[in-house]
Trainee: 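First, the structure itself, so that you have it in front of you.
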Amino acid sequence: MNHDFAILIPARHASQRFPGKPLAPLRGADGTARPLIERSWMAACAIADRAKVWVATDDDRIADAVHGFGGQVVMTPAACRNGTERCAAAIDSLGPVAPIVVNLQGDAPLTPDFVVRDLVAALAADAEAVMTTPAVRCSPSLYAHLVGDQAVGRVGGTTVVFNAQRRALYFSKRVVPHVAPERPDGHAHVHLHLGVYAYRPAALAAYVATPPSPLEELEGLEQLRFLETGQPIRVVEFAPLDWDCIELNNPQDIPAIEAVLRQRGIR
């Protein structure tokens, strides 16, 4: 069944770990360099109609880049603390664009199209959940990437743990759960959380009406505000994907992302 949804790509220039990240060039399979925000826009347009995709930003440099490749922009306040608040501000500006809103974070251009479609379908079928988000069981190489980054003090991605009912228990920028290094199956017990959320507009409005939570501020993870106020997040689980969905968190991630672009033949 098809569901009506819109995609918002929140993007800010002032990233603490990687200033100017949305404009960082990424070379595709043919050697063409496109800024990260364009790569994210291309991924979104492979999922939804272009008329239902907006980049939400507060920065004129990002807006100019998006207009340059023919994308839609909605300007949002600089005071937005995170992507979810930016999506809420975008919906305030745009109005009721769709019954379900997808937040495809601007540093996740490798997100598969079926992940977003499954998130939308799961939210439409789950009246109790305020949002849905994906968990991908780690491949050995992705697990090694996460553990390697953690060992040198970098954040290589976010992990999530959830219960038998697929309700999220916790999200962390550390690798959770801890798995003893000598376990050869350690990767199979860790799930990477991809930076994608599907919400109903009412959940976005309620989110911005709630102050930031302590764990949210400690971890720097916006979704923890939902968990700390007791709101159920439905996790949609995926087996290891055909490629590692590495997010661009640090400049050191660029070669790994470009390798996946080459592997997939994305120009």
Side-chain angles (χ1 to χ4, degrees), residues 1-12 22-23 26 28 34-60 62-77 80 82-127 129-134 194-208 222-223 226 233-234 236 238 245 247-248 264 266-267:
M1 177 182 293
N2 292 326
H3 300 283
D4 185 19
F5 65 98
I7 297 180
L8 299 174
I9 307 172
R12 65 192 183 102
L23 303 180
L26 294 171
R34 303 179 191 272
L36 170 63
I37 192 62
E38 184 174 2
R39 297 279 178 199
S40 299
W41 169 264
M42 292 167 63
C45 290
I47 303 164
D49 186 277
R50 293 171 65 91
K52 289 274 190 170
V53 179
W54 287 267
V55 172
T57 188
D58 62 353
D59 192 278
D60 289 337
I62 295 173
D64 289 345
V66 174
H67 288 141
F69 59 72
Q72 296 188 119
V73 175
V74 54
M75 299 303 293
T76 52
C80 293
N82 55 49
T84 298
E85 289 193 3
R86 201 168 298 284
C87 286
I91 292 301
D92 277 347
S93 177
L94 294 170
V97 292
I100 293 177
V101 176
V102 174
N103 172 349
L104 180 64
Q105 295 194 29
D107 57 7
L110 302 177
T111 305
D113 54 2
F114 63 83
V115 167
V116 173
R117 294 191 182 102
D118 285 0
L119 289 185
V120 170
L123 184 60
D126 191 338
V130 298
M131 59 180 272
T132 53
T133 198
L194 300 186
V196 192
Y197 308 98
Y199 342 73
R200 296 180 182 90
L204 285 171
Y207 181 87
V208 294
E222 62 211 79
Q223 63 271 36
F226 287 110
I233 297 176
R234 166 70 184 276
V236 181
F238 294 89
C245 289
E247 297 176 356
L248 184 50
R264 296 181 58 207
I266 297 175
R267 302 174 66 182

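No hydrogens, no waters, no symmetry mates; every other heavy atom, side chains included, goes into these values. Quick note: residue numbers are just sequence positions, from 1.
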Trainee: Is there a donor-acceptor pair under 3.5 Å between the side chain of R234 and the backbone N or O of D126?
Mentor: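 No; zero donor-acceptor contacts below 3.5 Å.
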
Trainee: Judged by atom type as modelled, is there a donor-acceptor pair below 3.5 Å linking the side chain of E38 to the main-chain atoms of F69?
Mentor: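 Answer holds: no.
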
Trainee: Would you say T132's side chain and L119's backbone share a donor-acceptor pair under 3.5 angstrom?
Mentor: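 It does hold such a pair.
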
Trainee: How far does CG of D107 sit from CD1 of I9, to the nearest 0.5 angstrom?
Mentor: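 It is 11.0 Å, given to the nearest 0.5 Å.
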
Trainee: If every non-hydrogen atom of V97 is compared with every non-hydrogen atom of D4, which pair is closest and at what distance?
Mentor: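 Smallest interatomic distance, heavy atoms only, reads O-OD2, 4.4 Å.
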
Trainee: Shortest non-hydrogen contact from L194 to T133?
Mentor: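 Nearest heavy atoms, L194 then T133: O-OG1, 3.9 Å.
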
Trainee: Nearest 0.5 Å, what's the CD-CE distance between Q223 and M131?
Mentor: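 CE of M131 is found 6.0 Å from CD of Q223.
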
Trainee: Hey, does I266 have a side-chain heavy atom less than 4.5 Å from the side chain of R39?
Mentor: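 Side-chain contact under 4.5 Å: yes.
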
Trainee: Quick check against the 3.5 Å criterion: does R12 have a side-chain atom that pairs as donor or acceptor with the backbone of G83?
Mentor: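 Side chain of R12 to backbone of G83: no pair is present.
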
Trainee: Heavy-atom count check: over 12 atoms from other residues, nucleotides or ligands less than 6.0 Å from R267 CZ?
Mentor: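 Counting other residues, nucleotides and ligands, CZ of R267 stays at 12 neighbours or fewer.
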
Trainee: At what distance, to the nearest 0.5 angstrom, does CZ of R86 lie from CG of D58?
Mentor: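 Going from CZ on R86 over to CG on D58, the span is 4.5 Å.
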
Trainee: For the backbone of A51 and the side chain of Q72, can you confirm whether one donor and one acceptor N or O come within less than 3.5 Å of each other?
Mentor: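 Yes, because the side chain of Q72 sits within donor-acceptor range (under 3.5 Å) of the backbone of A51.
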
Trainee: Where is the tightest heavy-atom contact between V53 and A44, given as atom of each residue plus distance?
Mentor: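 Taking every non-hydrogen atom into account, CG1-CB, 3.7 Å.
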
Trainee: State whether the side chain of E222 and the backbone N or O of T84 hold a donor-acceptor pair below 3.5 Å, judged by distance alone.
Mentor: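 Side chain of E222 to backbone of T84: a pair is present.
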
Trainee: Over all heavy atoms of both residues, which pair between A108 and E247 is shortest? Give the atoms and the distance, please.
Mentor: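 In this case the closest contact between A108 and E247 is CB-CG, 4.2 Å.
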
Trainee: Determine yes or no for a side-chain-to-main-chain donor-acceptor pair under 3.5 angstrom, with T57 supplying the side chain and A11 the backbone.
Mentor: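 Yes, because the side chain of T57 sits within donor-acceptor range (under 3.5 Å) of the backbone of A11.
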
Trainee: Do you know the tightest heavy-atom contact between A98 and A6?
Mentor: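 Smallest heavy-atom distance, with atoms named: CB-N, 3.6 Å.
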
Trainee: Quick one, I233 and Y197 - any side-chain contact, counting heavy atoms below 4.5 Å?
Mentor: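 They are not in contact (no side-chain heavy atoms under 4.5 Å apart), so the answer is no.
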
Trainee: Between R200 (side chain only) and L123 (backbone N and O only), is there a donor and an acceptor less than 3.5 Å apart?
Mentor: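 Looks like yes, one N/O pair under 3.5 Å.
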
Trainee: Run the side-chain contact (heavy atoms from CB on, under 4.5 Å) check on Y199 and F226 step by step: do they pass?
Mentor: CA-CA 12 Å; Y199 342 73; F226 287 110; 4.3 Å; yes

Trainee: Would you indicate whether the side-chain heavy atoms of P10 and N103 approach each other to under 4.5 Å?
Mentor: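 When only atoms from C-beta onward are counted, P10 and N103 do touch, with a gap below 4.5 Å.
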
